[in-house]
Amino acid sequence: MTDLDAITGLQQELVAVSRQIFARNLTSATSGNISARVPGHPEQVLIKATGKSFGDVEPEDFLLVDLEGNILAGLGKPSKEIRFHLGIMKARPEVGAVFHGHSAYATAYVTARGDLPVVTAAAEGNLGKIGIIGFAPAGSVELAEMVNRAFKDPELKAAVMTRHGFITVGPDVHRAFYLADVLEDNARVAFLMAQLG
């Protein structure tokens, strides 16, 4: 497979997963971002362009960058959260994809309670634990530093940022998406348990 074939195939995969992400209400409007390493080229990453909705992205809405954030191909501007996407990938060679979304239950629970317990069997088996990251402005160096520090833990697969949303990582885009779905389901169950006393 040529480099172009690998990039084109990954762009199509990212489009398909992005639309599933939007359908599952794991983010809204143009918020959230996703990135993935190019197969065979771990130093190259496709990342969603800023201002694009997961619901209607096209292959050209994913820009090719290196691990320092230099744009190698594509038009537009990469996500403003590029610092933590690339920071995680540099620290964790086994991570093939990073997904950041703005789901309601995980964000609300952590913002209100300051933590998020692991309450479902699926979360226990797939996530193990959930990191909590304090608030810093979106796109800021401060936020990227906080996220990168948390994900230096090689066992961390998911974290929730106060007032902001969540991050999941996986070996590929499908796994990062599935873990996000498990995380949000766990948060929904935790919320219902709190309501039921």
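All of these numbers come straight from a predicted model, not from anything done at the bench.
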So, do [X] and [Y] sit near enough that their side-chain heavy atoms are less than 4.5 Å apart?
| X | Y | value |
| --- | --- | --- |
| Val57 | Leu14 | no |
| Val65 | Gln44 | no |
| Arg37 | Leu67 | yes |
| Val15 | Gln11 | no |
| Val147 | Ile88 | yes |
| Ile71 | Pro78 | yes |
| Val182 | Leu127 | yes |

Gap between atom [atom2] of [Y] and atom [atom1] of [X] - 0.5 Å precision:
| X | Y | atom1 | atom2 | result |
| --- | --- | --- | --- | --- |
| His41 | Leu10 | NE2 | CG | 11.5 Å |
| Ile130 | Thr168 | CD1 | OG1 | 11.5 Å |
| Phe84 | Ser140 | CZ | OG | 10.0 Å |
| Glu43 | Leu72 | CD | CG | 9.0 Å |
| Ser53 | Arg19 | OG | CZ | 9.5 Å |
| Ile82 | Glu68 | CD1 | CD | 10.5 Å |

- What about Ile47 and Val17, same hydrophobic cluster or not, with Ile/Leu/Val/Met/Phe/Trp/Tyr joined at side-chain heavy-atom distances under 4.5 Å?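 Hydrophobic grouping puts Ile47 apart from Val17.
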
- Query: If Ile, Leu, Val, Met, Phe, Trp and Tyr residues are connected whenever their side-chain heavy atoms lie under 4.5 Å apart, and connections chain through other members, are Tyr109 and Leu26 in the same group?
  - Reply: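 Yes; tracing contacts between hydrophobic side chains, which count when under 4.5 Å, links both residues.
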
Looking at every non-hydrogen atom in both residues, tell me the closest pair between [X] and [Y] and how far apart they are.
| X | Y | value |
| --- | --- | --- |
| Lys48 | Thr30 | NZ-O, 3.8 Å |
| Ala176 | Gly170 | CB-N, 4.0 Å |
| Ser35 | Val45 | CB-CG1, 3.8 Å |
| Arg113 | Ala194 | NH2-CB, 3.5 Å |
| Met89 | Gly96 | CE-O, 3.9 Å |
| Gly139 | Arg83 | O-NH1, 2.7 Å |

Acceptor/donor pairs from residues 151-167 side chains to any protein atom, 3.5 angstrom cut, sequence neighbours excluded:
{"unit_1": "Asp153", "atom_1": "OD1", "unit_2": "Glu155", "atom_2": "N", "d": "2.9"}
{"unit_1": "Asp153", "atom_1": "OD2", "unit_2": "Lys129", "atom_2": "NZ", "d": "2.5"}
{"unit_1": "Lys157", "atom_1": "NZ", "unit_2": "Asn126", "atom_2": "O", "d": "3.0"}
{"unit_1": "Thr162", "atom_1": "OG1", "unit_2": "Ile133", "atom_2": "O", "d": "3.2"}
{"unit_1": "His164", "atom_1": "NE2", "unit_2": "His100", "atom_2": "NE2", "d": "3.1"}

Return the set of residues passing side-chain hydrogen bond (donor to acceptor under 3.5 Å, both in side chains) with [X] (not counting sequence neighbours), or none when no residue passes.
| X | result |
| --- | --- |
| Asn25 | none |
| Glu184 | Ser103 |
| Ser18 | none |
| Ser79 | Asn33 |

Using atom types as modelled, flag every donor-acceptor pair under 3.5 Å from a side chain in residues 115-125 to any protein atom, sequence neighbours excluded.
{"unit_1": "Thr120", "atom_1": "OG1", "unit_2": "Ala123", "atom_2": "N", "d": "3.0"}

Tell me the ring pair (Phe, Tyr, Trp, His ring centres under 6.0 Å) pairs involving [range], sequence neighbours left out?
| range | value |
| --- | --- |
| residues 9-33 | none |
| residues 44-67 | Phe54-Phe99 |
| residues 171-197 | Tyr105-Phe191 |

- Check whether any side-chain N or O of Ser31 sits under 3.5 Å from a backbone N or O of Ser28 as a donor-acceptor pair, and report yes or no.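 Yes, the answer is positive, given that a donor and an acceptor are paired below the 3.5 Å cut-off.
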
- Query: Has the side chain of Asp61 got a donor or acceptor atom that lies under 3.5 Å from a matching backbone atom of Glu58?
  - Reply: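 A pair under 3.5 Å: yes.
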
- Test side-chain contact (heavy atoms from CB on, under 4.5 Å) on Ile34 and Ile21 and set out the steps. CA-CA 10 Å; Ile34 194 167; Ile21 284 167; 3.9 Å; yes

Do any pairs count as a salt bridge (Lys or Arg N to Asp or Glu O under 4.0 Å) and have a residue in [range], sequence neighbours left out, and if so which ones?
| range | value |
| --- | --- |
| residues 188-197 | Asp185-Arg188 |
| residues 164-182 | Arg24-Asp181 |
| residues 94-109 | Arg92-Glu94 |

- Item | N-O pairing of Glu60 and Lys52 below 4.0 Å |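 No, Glu60 and Lys52 are not salt-bridged.
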
